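Scroll down for the structure; my scribbles are underneath it.
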Amino acid sequence: MDTSHFFVTGDPMIYGADVSIVLAVVAIVFCLTYFKKWGWIWREWITTVDHKKIGIMYLLAALLMLFRGGVDALLMRAQLAVPNAHFLESEHYNEIFTTHGTIMILFMAMPFMFALFNMVVPLQIGARDVAFPALNAISFWLFFIGAMLFNLSFVIGGSPNAGWLSYPPLSESAFSPGPGQNYWIWGIQISGIGSLATGINFVVTILKMRTPSMRLRDMPLFTWSTLASSIAILGAFPILTVTLAMLTIDRLLGGHFFTSTAGGNPMMYVNLIWMWGHPEVYIVVLPAFGVFSEVVATFSKKRIFGYSSMVFSMIAISVVSYYTWVHHFFTMGAGADVNIVFAICTMIIAIPTGVKVFNWLFTMFRGRVRITQPMLWFYAFVPCFLVGGATGVMLAAAPADYQYHNSYFLIAHFHQVLIGGVVFGYLAGMYYWFPKIFGFKLNDRLGKWGFWLWQIGFYVCFMPQYALGFMGMTRRIYTYNASAGWDMGWAPLNMVSTVGAFLMGIGFIFQVWQIVYSIKHGERDVTGDAWDGRTLEWSIPSPAPVYNFAILPEVKGRDAWWYQKQEMKNGDYQEKPVKYEPIHMPKNTGVPFIMACFFFIAGFGFTFEWMWMGVAGLIGVVVTLFVRSFQYDTDYYIPVEEIERTENEYRNRVLSAQQTAN
Amino acid sequence: MSNHEHTASIKAYVIGFILSIILTIIPLVLVLNHMMAKSVLLPVILIAAVLQFVIQLFFFMHIRDGEGPRYNVMALVLGLIFVITIVVGAIWIMSFNSVVQ
Amino acid sequence: MQQSASAHVSNHDHGHVDQEGLKILGFWIFLVTDCLLFATLFAAYAVLHTHTNGGFTGKEFDKPGFIIETFILLISSFTSGIAVLFMHKGNKKALLGWLIVTAALGAVFVGLEINEFTNMVHEGATISTSAFLTSFFTLVGTHGLHVTVGIFWMIGLMIQLSRKGITNVTKRKISVISLYWHFLDAVWIFILTVVYLMGVM
């Protein structure tokens, strides 16, 4: 491989990135050394198997990646604001749309989702941890290392530029020699293994670790959405793993799965990658639906309307989403009979989604609705996702799709459902559960600024893109002409769209400011029940103690915490004597982090086609697995005195807060 | 794990082993001796394969064991539905190739 | 007003989830995802197996080779079951003995397969010759890799068994690898049928 361009050169932005990366690393190393925090960071974060901390790390990573992916978006919009711009040349523009898409879906949405799973699900089901805590840590570090590897391409070797899904033949070694494309493969491959492991972890956690009195039909809807999403992860990610491996075999070993010679079939790649890709977008949207179910019920002070239909619809969506993938390539020539079947399946999936929206609205009807930050994001979601979903049904009509496919109409559609559904949902979840995890709420005023900038920015950015699609503008073009004879009239709408994008960017800045500001000034959550919630996570302190529940809660039905509070108000609640027992907890371990480091070595080696390094890394991974297998001393017990101390401290805090309130 | 004692007996393993051998030999003999037309042979060997798989599930992998909800069975059934979708779906979608040729 | 759902006594002692049962369920689910992995490889093989690019075709598969491989793997699946029987009876020596037999048979299987692949490469049938061969080597090779990983895993467990004896934890570990080993034989049934038998038909 030609490594004369090992360090990417020639672009001021990249030099800027080089400098910032070095400065950031130096700053981090300096701070850790000066404040003597190396031991702390190893003990408390790098080797943790605590799902709550893992959730925090996922959240931080997701927000950082939201920033990076967002900057990519702003760069693209800046380039497209005026015709014939030379802000970004075509090659660079291709790299940016590739990284934007890859980062937003795989390194922003997935970790954000895993953050919510980890922070919330064990608390909602009355469990003390997930089923496989060490595997949970492995999942995080594999994601982290995959993301690091992918991001490294920017400054070392060069970014991939064949689109976020890297279709062959363009992504084959004949047309994309060099490390860029390999970075894409290995970043996603390594991170994908982590995702699959998380899917297994949460399915088993939800099925087997619920507090004994909680039946499946007593579970909160966010937990159900996690189950539905995890099942889809199990069904989809193996396909991704294999498809990426096949592309690797083509590139690295001269194989012919998807080449245009020796019998390879590029369309097979498209077929397989979308078999994963379509379930993937439902994987990320289902938990957003779960968030809304919690938020709407809590802030309407009412039980969710139609719990059973909510559960069935989520499972239906999870399974039916597995049968729609061809709609991503109607125009590739699979034939009318194939197209019809998948067009119909695609349209069918709108039905359970519609059921959910109606159920949320019916929940609000005759409820005592409070407008809080999470609720604001729900209000924003409804019109946004509805329109996005409707344009989806338009795209699902296969013959019509021949016009819309790969135009700006498509871009507007998927951004509308991904931002309106996934991003708004996850932000609502972040605002909702932030106090539970960190112990303080995020500031309302700054949050509202962020919210409105996002809303206005979103519509200003994406509504013109539907029109641009109708006007014939295709996706992935780095510029367009407006000189006489060539002018399609795209320029004004592109300018408007760019303004909208920057408004969203400013909205994000407000959110970052909001978080920083609230660390010191945010309203503290003393009781653990920041919103007068309905589900079990609100019955324990904020932040939760390491063992979550001192005694496993007894659940009598849905919205267990709410009904217990009503019982306590009415004096019907029978408090039983408290008898603590030592709590069995998993020990921290360095294995996940070390394994991820070996994966990094393997990924980096294979990216540059240095086989010795790649193989050495893989051997390292196997060795770490072996070492872990020989580790038998993996648990410990929290003694009763410690539990008593923690619980009493919490009770005193609550009492004194109540006294000050009185 | 006391349930294991019931299906995990030497009898079960021997029966499973013998049935597997039979279900391996039959397709081998049929194919290597060209004993049937291809269009008949194909479904026969596939059915033999599926049968042997099911036998090994019961006799070797003790799929019926365990108390409580049979989550492993549910996972397997859903998984097999996905397997069929992946394989049949790919063949169907990609078969336009033969039309185009 | 006290707000603590924790002021409850759980009425069963299920505060302790069955750790070993958890891991076995988790592993079953992992095996199902491994099925999907192989399904994707089979799908690619199904689509590409006629794309022989004028080179090696299925008719040239070495028949005695794949027949012997099949029976060796099937016998090893049986012997792994025998090993588990002795484990339930608490007989550590017999368990170890039958595990060694299983691993040895597995090693013979892998050796035969490496031999088969090397011969094909020497005949000019390599992974870059055609889409058919790429998908053949990948599908069958992935299975062989799984078997190889299984052998090393088994060795690791045998060492742990000799040190710790038969405990709840080692029982679970042996159950898990035995599931894995049976699963690999189950996948081989389909490789035999779809790749080799359909190839030579």
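Because the structure is a prediction, the values reported are computed rather than measured. Quick note on labels: first sequence line is chain A, next is B, and so on, each numbered from 1.
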* To do: Please look at V14(B) and chain C and tell me whether the side chain, the backbone, both or neither of the residue comes under 4.5 angstrom of a heavy atom of that chain.
  => both
* Return the minimal non-hydrogen interatomic distance between G79(B) and V32(C), and the atom names on each side. => CA-CG1, 3.6 Å
* Asked: If you draw a 6.0 Å radius around CE in M35(B), do more than 12 non-hydrogen atoms from other residues or ligands fall strictly inside?
  -> no
* **Q52(B) side chain reached by L74(C) side chain, heavy atoms, under 4.5 Å** => yes
* **Contact origin within F38(C) toward chain B - heavy atom pairs under 4.5 Å** => neither
* To do: For the residue pair F78(C) and Y13(B), categorise the inter-ring angle as parallel (less than 30°), tilted (30 to 60°) or perpendicular (more than 60°).
  => perpendicular
* So which part of Q56(B) gets closer than 4.5 Å to some heavy atom of chain C, the side chain, the backbone, both or neither? -> side chain
* Structure fact -> Heaviest contributor of heavy-atom pairs below 4.5 Å to chain C, chosen from V31(B), L23(B), L80(B), V87(B), is V31(B)
* Hey, could you give me the CD1/OG1 distance between I21(B) and T70(C), rounded to the nearest 0.5 Å? => 11.5 Å
* Asked: Measuring from F190(C):CZ to I45(B):CD1, what's the distance to the nearest 0.5 Å?
  -> 11.0 Å
* So do F42(C) and I91(B) actually touch side chain to side chain, heavy atoms under 4.5 Å? -> no
* Interchain contact, T24(B) with chain C, by part (heavy-atom threshold 4.5 Å) -> side chain
* Structure fact -> Heavy atoms of M198(C) and L42(B) approach each other most closely as SD-CD1, 3.3 Å
* Quick one: CZ on F82(B) to OG1 on T33(C), what's the gap to the nearest 0.5 Å? -> 12.0 Å
* Structure fact -> Nearest heavy-atom approach of V200(C) to H34(B) is O-CE1, 4.4 Å
* To do: Measure distances from L197(C) to the heavy atoms of chain B and classify the residue's part below 4.5 Å as side chain, backbone, both or neither.
  => both
* **CD1 on I10(B) to CZ on F86(C), rounded to 0.5 Å** => 7.0 Å
* **Largest heavy-atom contact set with chain B, pairs under 4.5 Å, which of L31(C), D185(C), T50(C)** => D185(C)
* What distance do L25(C) atom CG and Y71(B) atom OH have between them, rounded to the nearest 0.5 Å? -> 9.0 Å
* To do: Pick one of side chain, backbone, both or neither for I84(B), based on which atoms fall under 4.5 Å of a heavy atom in chain C.
  => neither
* Which heavy atom in I86(B) sits nearest to a heavy atom in L36(C), and how many Å separate them? -> CD1-CD2, 3.9 Å
* Just how far is it from atom NZ of K63(C) to atom CG of L28(B), taken to the nearest 0.5 Å? -> 11.5 Å
